[in-house]
Amino acid sequence: MDTDERRGTPAPSDTTPPGRVGGAARSVPAQASAPEPTASARAEGPSEGGGGRQELWVEEPAVRRRMPDPVRTAAVRAVIIMSLTIIQAVVAFLCTLAGSWLAFPMVLSGVASTVAATWAVLDVWVTRQVWNQRHGVVSVPSSTARRMRRERRAARRAARARGRREDRIRRGGGRLSRA
């Protein structure tokens with residue numbers, strides 16, 4: 001975005017309407033048509049006095065939920081192992097082209113690291129499946145989450161019943177005689 005677009009004025013060589021860039025519609029900010037701030041307002045900075053400037057960073061709500069910690073840890077591990085495998089494959093290729101004695105050991109270790117990278121990706125998949133089954137996928141009949149929720153509901157019911165019994169005894173509303 002150049003200076004003319006930020007100020008809301010079309011560039012002299014610009015033939016497209018102000019709301020269009022490259023044939024696609026874009027929203028023109030309301031602050032773009034605001035008058036130019038004075039020198040004292042510019043000296044105050046963007047946080048004070050409004051200044052008529054558009055913010056550079058606008059927070060947007062996350063579209064997807066955050067991955068659970070074990071799944072994220074496995075995914076990071078897999079990405080690191082895969083990147084090291086790719087680097088190792090490039091080094092093995094370059095050693096082969098150069099005719100170095102390291103070419104054969106690098107190819108062998110590249111095969112081993114490919115197996116490790118495949119294992120790491122499968123670990124991400126298995127960890128994600130286990131997490132989903134244990135912590136909230138209730139639509140699957142064999143889900144342990146359903147059983148855990150049943151147990152929690154039963155414990156809550158038992159606690160409420162105990163609380164009602166104790167209240168009844170404290171109030172003296174039980175069927176015991178007061179003699």
Exercise. How far apart are the C-alpha atoms of V115 and W119, what are their side-chain angles, what is the distance that settles it, and do they pass the side-chain contact (heavy atoms from CB on, under 4.5 Å) test?
Worked result: CA-CA 6 Å; V115 171; W119 187 273; 5.6 Å; no

Problem set entry | Heavy-atom pair of closest approach, residues I81 and A120 | CD1-CB, 3.9 Å

Problem set entry | D167 CG to R162 CZ distance, which is reported to the nearest 0.5 Å | 12.5 Å

Exercise. When hydrophobic residues are tied together by side-chain contacts of less than 4.5 Å, even through go-betweens, does L97 share a cluster with L102?
Worked result: no

Exercise. Between V130 and W125, is there a shared hydrophobic cluster once you connect ILVMFWY residues whose side-chain heavy atoms come closer than 4.5 Å?
Worked result: yes

Problem set entry | Same apolar cluster: L108 and W101, side chain cutoff 4.5 Å | no

Problem set entry | R66, CZ atom: more than 12 neighbouring heavy atoms under 6.0 Å | no

Exercise. Salt bridge check: are D69 and R72 linked by an N-O gap of less than 4.0 Å?
Worked result: yes

Exercise. Which heavy atom in A74 sits nearest to a heavy atom in V124, and how many Å separate them?
Worked result: O-CG2, 3.3 Å

For this session: Quick one: do Q133 and W131 satisfy side-chain hydrogen bond (donor to acceptor under 3.5 Å, both in side chains)? Show the steps, please.
Result: CA-CA 5 Å; Q133 188 174 16; W131 178 269; over 6 Å; no

Seminar exercise, completed: Value for OG1 (T118) from CG (D123), rounded to nearest 0.5 Å, stands at 12.5 Å

For this session: Considering non-hydrogen atoms only, spot the tightest contact between R128 and V71 and give its length.
Result: CA-CG2, 3.7 Å

Seminar exercise, completed: Exactly one candidate in T85, I86, I87, L84 meets side-chain contact (heavy atoms from CB on, under 4.5 Å) with S113; the answer is T85

Exercise. Looking only at heavy atoms, what is the nearest atom pair of A75 and M67, with distance?
Worked result: CB-CE, 4.4 Å

Seminar exercise, completed: Nearest heavy-atom approach of T114 to G110 is OG1-O, 2.7 Å

